[in-house]
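Everything on this sheet refers to the single structure shown next.
A note on names: the letters A, B, ... follow the listed sequences, proteins ahead of strands, and every chain is numbered from 1.
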Amino acid sequence: MSTVRVRFAPSPTGFFHIGSARTALFNWLYARHTGGTFVLRIEDTDAARNSEAFLAVIYDSMKWLGLTWDEGPGAGGDYGPYRQSERAAVYREYLEKLKAAGRTYEKDGATWFRLEGERYEVYDEHRQKTVTKVKTAPIVIDDAIRGRVERIEDEDFVIVRSDGNPVFHFVNVVDDIAMEITHVIRGEDHLSNSSKHVALFQAFGVKPPQFAHIPLILKQNGPGKMSKRDQGALIEEYQTRGYLPEAVVNYISLLGWNPGGDLEKMPIDDIVAKFDLPGVNQSNARFDDKKMAHMNMLYLLALPPERFIAAARVYFTKHEVFAKAGVTSDPPAAYVDEVLLLSQPKIKGLEELPAYTSYFWTETYPTDEKARAKALGKGDPQARLAELGEWVQSADLATDAGIEAGLKALAESKGLGFGDYQAVARLAVTGLGAGPSITAIFRVLGRERVAARLGRLAASLG
RNA sequence: GUCCCCAUCGUCUAGCCCGGUCAGGACGCCUCCCUUUCACGGAGAGAACCGGGGUUCGAAUCCCCGUGGGGACGCCA
């Protein structure tokens, strides 16, 4: 029996972006769905462009997303080492096989892979030079998503650089053989590489793995595929912005794949259960940050209170929210928790939190001028402020229900409605036009601060 | 330029394989409802089968050609 072995093989030459994450995710999902093995292999054969910092980002982002690997750096496994820079011996061994089979030759100091067939010269317009081509039989790529793809591979290519380092095409195939990879799930941009790779598999006398070329993710604005330089492309960025990893995973799983029903938000176990290669689309998908944000909100809303608080606290620490609000020592934990809980059902993302809660931390919170104009623009705000100021001196602020009853009684006594007090009260105590229920704000802030703020606004109008 | 992949609302997509439903859902946008502001939620509107041929009683669905989009064409991966 052959159990599934898939690999994600990033190259640490740049940050980990949405496209990489989606490829990693699809491999991971397929491994989990089939009960197979997910291998992480680092393709660091380009010494000049690799960096340990990028490598750290890959590990960190994958862990954050929950894409744990069964074999690879830090996880061990029977097919290691899992960094190509440490596998020189393996490549030498396989290179000998190719040499013995007469499939290599030296040119310009490099080792080339020799295709079989009659050679001829032709002028290449794109490269603007004469190149040697080979009359070869078409190569068939058996693709789980696209079916049978036929391509002509008609030029020899370098497999070992003149500096002695083996090239991607070579090490990729060697390692897929050596690590007994059964399914190669990678982006469609590799489709034209796959004919080279199949030629190599054949030269080694090995049956190629099952390919699955997944559609690419296109950038949101403008033409072309998403690259690490595009806005919102980096996984790190979502981590920093306080996105929930499960939301990011759920959203990107929907890029190029769909679960079959109308349900889009689903726990990872359901995605694993439903995911399969034939269900992957053939056409490219455009990234949409609005839908991503919406998915994140759905997850945020559904979070148990203690998990929301934990996530928000991480965000606060990372962004030094209290320090930036001018608070010298952190407010009491219970108070912070209460404020966060008030905010959870109202915000769409954690990044809204600092602005949404600033007035809870300091007396120097900013004022939204539009909200100010609106709240002061109708009725008699000065009178309302005065009435509220008097009311708050003796009102029962213990519970939301009590405060609501008190405010309603006050309004009724003046022949007015709750709404006539709400806007001006909110402006006075928060500086904003939107936020949690005003009754909850009064309760959490407490009599002294509410009274002071009401008084301050009243004074500024006088 | 050559080769490869793809083509349903603005976007992600269901339907296509096994031709026959008002072409369904989601995001966004707009309207209304809920309401203490905002957000959530509820209801609704608007919005698509790229074009042309063919096959067929009948085509989003099968075939061909265009067009459009994407990718590849490195001693990068």
### Query
If you look at every strand shown and take non-hydrogen atoms under 4.0 Å, does Thr45(A) touch a base, only sugar-phosphate, or nothing?
sugar-phosphate
### Task
May I ask you to verify if any side-chain N or O of Lys290(A) is less than 4.0 angstrom from the OP1 or OP2 atom of U11(B)?
no
### Candidates A77(B), C5(B), C40(B) - which lies nearest the side chain of Phe168(A)
A77(B)
### Query
Does Ser283(A) place a side-chain N or O at less than 4.0 Å from the phosphate oxygens OP1/OP2 of G69(B)?
no
### Rounded distance (Å) that lies between atom C1' of C12(B) and atom CE of Met295(A)
10 Å
### Task
Give one of base, sugar-phosphate or nothing for Ile438(A), where a contact means two heavy atoms less than 4.0 Å apart.
base
### Task
Report yes if at least one side-chain N or O of Asn258(A) is closer than 4.0 Å to OP1 or OP2 of A14(B); otherwise report no.
yes
### Message
Using a 4.0 Å heavy-atom cut-off, does Glu150(A) contact any base of the nucleic acid, only the sugar-phosphate backbone, or nothing at all?
### Response
sugar-phosphate
### Message
Side chain of Lys348(A) only, heavy atoms from C-beta on: which candidate in C6(B), U36(B), G28(B) is closest?
### Response
G28(B)
### Strand partner of A72(B), provided both Watson-Crick or wobble distances fall under 3.5 Å
U2(B)
### Summary
Out of A77(B), U13(B), C12(B), minimum distance to the side chain of Glu264(A) belongs to C12(B)
### Message
Under 4.0 Å, heavy atoms only, any strand: does Gly256(A) hit a base, just the sugar-phosphate, or nothing?
### Response
sugar-phosphate
### Message
Heavy atoms from C-beta onward define the side chain here; which of C4(B), C12(B), A26(B) lies closest to that of Leu191(A)?
### Response
C4(B)
### Query
Lys374(A) has an atom NZ; how far is it from atom C1' of U36(B), in whole Å?
12 Å
### Task
Provide the Watson-Crick or G-U wobble partner of C38(B), both distances under 3.5 Å; none if there is no partner.
none
#### Entry: Touch class at under 4.0 angstrom, heavy-atom based, for Arg426(A) against every strand present
base
### Query
For Gly419(A), which contact category applies under a 4.0 Å heavy-atom criterion: base, sugar-phosphate, or nothing?
nothing
## Note on the structure
Pairing partner of G58(B), by Watson-Crick or G-U wobble and under 3.5 Å for both distances, is none
### Query
Under 4.0 angstrom, heavy atoms only, what part of the nucleic acid is Met292(A) near: base, sugar-phosphate, or nothing?
nothing
### Task
Please tell me which of the listed nucleotides, U11(B), U13(B), A77(B), lies nearest to the side chain of Ala285(A)?
U13(B)
### Task
Choose from U36(B), G41(B), A72(B) the nucleotide whose nearest atom is closest to any side-chain atom of Ser192(A).
A72(B)
### Partner of Phe157(A) by ring pair (Phe, Tyr, Trp, His ring centres under 6.0 Å), out of Tyr105(A), Phe113(A), Trp112(A)
Phe113(A)
### Query
How long is the line joining CG of Asp189(A) and P of A72(B), in whole Å?
6 Å
### Message
Rounded to the nearest 0.5 Å, what separates atom CD1 in Ile18(A) from atom OG1 in Thr23(A)?
### Response
11.5 Å
### Candidate nucleotides C38(B), C40(B), G24(B), ranked by approach to the side chain of Lys346(A) - the nearest
C38(B)
## Note on the structure
Between Val171(A) and the options Asp176(A), Asp44(A), Thr45(A), the side chain to side chain contact (heavy atoms under 4.5 Å, CB included) test singles out Thr45(A)
### Message
The side chain of Ala434(A) is closest to which nucleotide in this list: C75(B), C38(B), A77(B)?
### Response
C38(B)
### Message
Nearest 0.5 Å, please: how far is CD in Gln422(A) from CZ in Arg384(A)?
### Response
14.0 Å
### Query
Any donor-acceptor pair under 3.5 Å joining the side chain of Ser437(A) to the base of U37(B)?
no
### Task
Write down the distance separating the P atoms in C40(B) and U31(B), rounded off to the nearest Å.
14 Å
### Query
With sugar-phosphate meaning primed atoms plus P, OP1 and OP2, does Lys225(A) contact a base, only sugar-phosphate, or nothing at under 4.0 Å between heavy atoms?
sugar-phosphate
### Closest listed nucleotide, where the reference is the side chain of Ser162(A) and the choices are C75(B), G71(B), C27(B)
C75(B)
### Query
Within less than 4.0 Å of OP1 or OP2 of C6(B), is there a side-chain N or O belonging to Gln282(A)?
yes
### Query
Taking only side-chain nitrogens and oxygens of Arg127(A), does any of them come within less than 4.0 Å of OP1 or OP2 of G74(B)?
yes
### Query
Within the structure shown, what part of the strands sits under 4.0 Å from His190(A) by heavy-atom distance: base, sugar-phosphate, or nothing?
base
### Message
Any strand counts, and the cut-off is 3.5 Å on both contacts for Watson-Crick or G-U wobble. Which nucleotide pairs with A48(B)?
### Response
none
### Query
NA contact type, Leu255(A), heavy-atom cut-off 4.0 Å: base, sugar-phosphate, or nothing?
sugar-phosphate
### Task
Answer with base, sugar-phosphate or nothing: what part of the nucleic acid does Glu43(A) contact at a heavy-atom distance below 4.0 Å?
sugar-phosphate
#### Entry: Interatomic distance where CD1 belongs to Ile152(A) and P belongs to G1(B) [whole Å]
20 Å
### Message
Tell me whether His126(A) and C73(B) count as stacked here, given that the ring centres must be under 5.5 Å apart and the planes must differ by less than 30 degrees.
### Response
yes
## Note on the structure
Rounded to the nearest 0.5 angstrom, the CZ-CD distance for Arg286(A) and Gln220(A) is 9.0 Å
### Query
Asp262(A) side chain: which of C75(B), C5(B), G24(B) is closest?
G24(B)
### Message
Using a heavy-atom cut-off of 4.0 Å across all strands, would you classify Arg49(A) as base, sugar-phosphate, or nothing?
### Response
base
### Message
At less than 4.0 Å, is any side-chain N or O atom of Asn281(A) found next to OP1 or OP2 of A14(B)? Yes or no.
### Response
yes
### Query
Arg148(A) CZ to C4(B) C1': how many Å, rounded?
14 Å
### Query
How would you label the contact of Pro223(A) with the nucleic acid (heavy atoms, under 4.0 Å): base, sugar-phosphate, or nothing?
sugar-phosphate
### Message
Using a heavy-atom cut-off of 4.0 Å across all strands, would you classify Gly224(A) as base, sugar-phosphate, or nothing?
### Response
sugar-phosphate
### Query
Quick one: OH on Tyr251(A) to OH on Tyr238(A), what's the gap to the nearest 0.5 Å?
8.5 Å
### Summary
A7(B) -> Watson-Crick or G-U wobble partner, both distances under 3.5 Å, gives U67(B)
